[in-house]
Each structure stands twice: as structure tokens, then as C-alpha cells.
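Report on the structure given below.
Computation of the quantities below employed the complete heavy-atom set of this structure, encompassing side-chain atoms and omitting hydrogens, waters and symmetry-equivalent molecules.
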Amino acid sequence: MERVGSIVRKTNETDVKLEFAVDGEGNASIETGVPFMTHMLDLFTKHGKFDMIVDAKGDIEVDDHHTTEDIGICLGQALIQALGDKRGIKRYGNAFVPMDEAMAQVVIDLSNRPHLEFRAEFPSQKVGSFDTELVHEFLWKLALEARMNLHVVVHYGHNTHHMIEAIFKALGRALDEATSIDPREKGIPSTKGML
């Protein structure tokens, strides 16, 4: 069965269409109007071996906040849709990714209990025109809508671009592990019998 989610979200601030395939090849067609976020989503897709299409238009003349936030919402909703009852998945994922001098770790539990633990201090408030506080905003909305337990730790680094890039690469790799099918798991990976 294809594990695919498709979400359309239209508000007074944004218009987002997002398609997400869990079992992909790393193919991305992404247009957000927010160049740095486009770059990060491309990395996430490639390193997670997902396929993703994003067409997002937002009020970027105000700032990048609403567009970034709503992409996180849509990605989380598409992931929930794609995974269904989560039968047979590994559930947990963990990835360390270095990016030059920076090291990020992302740990995921697809638990149906949303939580974000975010431990990162960026040296710069901006990368280009992108506000670095929006990384937290994106991840929090993703965790909330995907109902995942998401822990993000940047262990060290001094280049903000490298630190954020390591996060998104690790996010892709950890999510790939958590969503992958465990051939030994015959049902739902929980003693509760549901996630």
C-alpha cells in the first residue's frame, strides 16, 4: 500500500499544497517563496529518501513566519495521513549528522503524543533574510500536527547555516528510520495496541 499524504491549506495568510510520500527516492519539487526554507526542505527530503511536492504562497512581504509555520502544519498532517494506523513501523528514529564544525542530533518517537524538545543556540538571528527562530516554529508545528515526540539537540557549532542544515538532514534521516517497516513487527509497535 502506498504511504502518501496530500494536504491543501488555504488561509488569509497562506496557500499551501503539499504531497508527501514516505517511501520515496529523495525527489523534491519545492517552492515556498522562502529560499532558505526551500533549501532546508530539499535537504530533508533527500536525506530521508522521501518524495515531496510543496507549492506554498504566503504573505512574505510581512515576513516568513506564516509560510514557514503552515508548511510545518501541512507536513505533519500529511505524515499522519500517510502512516495510517502505523502498523509495522519501527516507531523510533535517531540520527546524528555533522555539517563541517556543527553536530546535530534528532530523535523521534511516532508516539501520538506531541512534544518538541529543542536544544539549540544559534549565533546569528538571521541566515540571509530568514529568521532563525522560525526553525523552532517549524519543528514545533511539525511535531504537533504529526503527533510525534521530537527531540532536537545541536551539540556544537558556530556557523548558524551549518547548524540548521545539520538539523534538517538529521530530521530526514531520523524520520526515515522511524517510518521504516520492521519485518518482525506484525502489528502496532506499542503494548497499548495503538499509537
Side-chain angles (χ1 to χ4, degrees), residues 4-82 95 97-100 102 104 106 108 116 118 120 122-146 148 150 152 154 157 159-176 179:
V4 177
S6 181
I7 300 294
V8 175
R9 176 180 171 85
K10 189 173 178 65
T11 72
N12 291 334
E13 298 162 342
T14 64
D15 185 355
V16 181
K17 298 174 188 70
L18 188 147
E19 292 180 26
F20 182 76
V22 174
D23 305 306
E25 298 177 345
N27 299 318
S29 174
I30 299 170
E31 184 50 59
T32 69
V34 182
F36 187 73
M37 181 51 62
T38 298
H39 179 41
M40 292 303 108
L41 292 173
D42 190 47
L43 295 168
F44 160 78
T45 306
K46 182 71 171 176
H47 285 266
K49 293 293 183 260
F50 310 120
D51 289 340
M52 186 161 66
I53 299 170
V54 180
D55 181 14
K57 297 174 181 64
D59 56 355
I60 56 173
E61 70 281 358
V62 176
D63 66 9
D64 298 337
H65 183 106
H66 296 137
T67 304
T68 302
E69 177 182 38
D70 283 13
I71 292 169
I73 290 170
C74 291
L75 179 56
Q77 291 174 350
L79 179 60
I80 282 280
Q81 192 181 96
V97 169
M99 176 65 195
D100 293 357
V106 173
I108 289 172
L116 173 64
F118 186 77
F122 301 126
S124 303
Q125 291 183 347
K126 284 188 176 288
V127 176
S129 61
F130 184 81
D131 292 320
T132 56
E133 69 180 11
L134 294 179
V135 174
H136 180 279
E137 190 66 30
F138 172 83
L139 293 170
W140 166 230
K141 291 310 179 338
L142 172 61
L144 188 64
E145 296 295 332
M148 73 166 73
L150 175 59
V152 177
V154 177
N159 180 292
T160 301
H161 186 130
H162 292 168
M163 294 163 78
I164 297 171
E165 185 164 329
I167 289 171
F168 276 83
K169 287 177 177 176
L171 177 66
R173 289 178 175 269
L175 189 60
D176 178 45
T179 58

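Looking at Glu19 and Met52, their side chains never come closer than 4.5 Å, going by heavy atoms from C-beta outward. Within the 4.5 Å cutoff, side-chain heavy atoms of Leu79 are placed close to those of Leu175. The shortest distance between side-chain heavy atoms of Leu171 and Leu150 falls below 4.5 Å. Here the side chains of Leu116 and His136 are in contact, with some heavy-atom distance below 4.5 Å. Side chains of Thr160 and Ile164 form a contact here, defined as non-hydrogen atoms less than 4.5 Å apart. Contact check for Phe130 versus Val135: side-chain heavy atoms found under the 4.5 Å cut-off. Between Met37 and Leu134 there is no side-chain heavy-atom pair separated by less than 4.5 Å. Within the 4.5 Å cutoff, the side chain of His65 has no heavy atoms near those of the Glu13 side chain.
Two rings, from Phe138 and Phe44, have their centers 6.0 Å or more apart.
The CG atom of Asp64 lies 12.5 Å from the CD atom of Glu69; values are rounded to the nearest 0.5 Å. To the nearest 0.5 Å, atoms CG (Leu144) and CG (Leu139) are separated by 12.5 Å. Between the OG1 atom in Thr32 and the NZ atom in Lys57 there is a gap of 11.0 Å [rounded to 0.5 Å]. Atom CG in Leu41 sits 6.0 Å away from atom CD1 in Ile71 (nearest 0.5 Å). Atom-to-atom distance recorded for Met40:CE and Thr38:OG1 is 10.0 Å, nearest 0.5 angstrom. The distance from the CG atom of Leu142 to the CD atom of Gln77 is 11.0 Å, given to the nearest 0.5 Å.
Heavy-atom minimum distance, Ala82 versus Val22: CB-CG2, 3.8 Å. Residue Cys74 comes nearest to Val16 through the heavy atom pair SG-CG1, 3.7 Å, listed as atom of the first residue, atom of the second, then distance. Scanning both residues, Ile80 and Glu145, for their nearest heavy atoms gives CG1-O, 3.3 Å. Looking at every heavy atom in both residues, Asp51 comes nearest to Gly26 through OD1-N, 3.3 Å. Among all heavy-atom pairs drawn from Ala104 and Ala170, the shortest one is O-CB, 4.2 Å.
Within a 6.0 Å sphere centred on NZ of Lys49, other residues, nucleotides and ligands contribute more than 12 heavy atoms. Atom NZ of Lys126 sits in a crowded spot, with more than 12 heavy atoms from other residues, nucleotides or ligands closer than 6.0 Å.
Remark: Glu137 engages Lys141 in a salt bridge (Lys or Arg N to Asp or Glu O under 4.0 Å) (not counting sequence neighbours). Listed by chain and residue number, Arg3 satisfy the salt bridge (Lys or Arg N to Asp or Glu O under 4.0 Å) test with Asp23 (two or more places apart in sequence, or in another chain).
Side-chain atoms of Thr132 come within 3.5 Å of backbone N or O of Gln125 as a donor-acceptor pair. Without hydrogens or angle criteria, Asp131 side chain to Glu133 main chain gives no donor-acceptor distance under 3.5 Å. In this structure, Asn159 contributes its side chain and His162 its backbone to a donor-acceptor pair below 3.5 Å. Side-chain N or O atoms of Gln81 include one that pairs as donor or acceptor with a backbone N or O of Ser6 at under 3.5 Å. Side-chain atoms of Glu31 come within 3.5 Å of backbone N or O of Gly33 as a donor-acceptor pair.
Between Phe36 and His161, the ring planes lie perpendicular to each other; the angle is over 60°, past the 30° to 60° tilted range.
With 3.5 Å as the limit, one finds no donor-acceptor pair spanning the side chains of Thr67 and Thr14.
For the salt bridge (charged side-chain N to carboxylate O under 4.0 Å, His left out) criterion with Arg9, the lone passing option out of Asp55, Asp15, Asp70 is Asp70.
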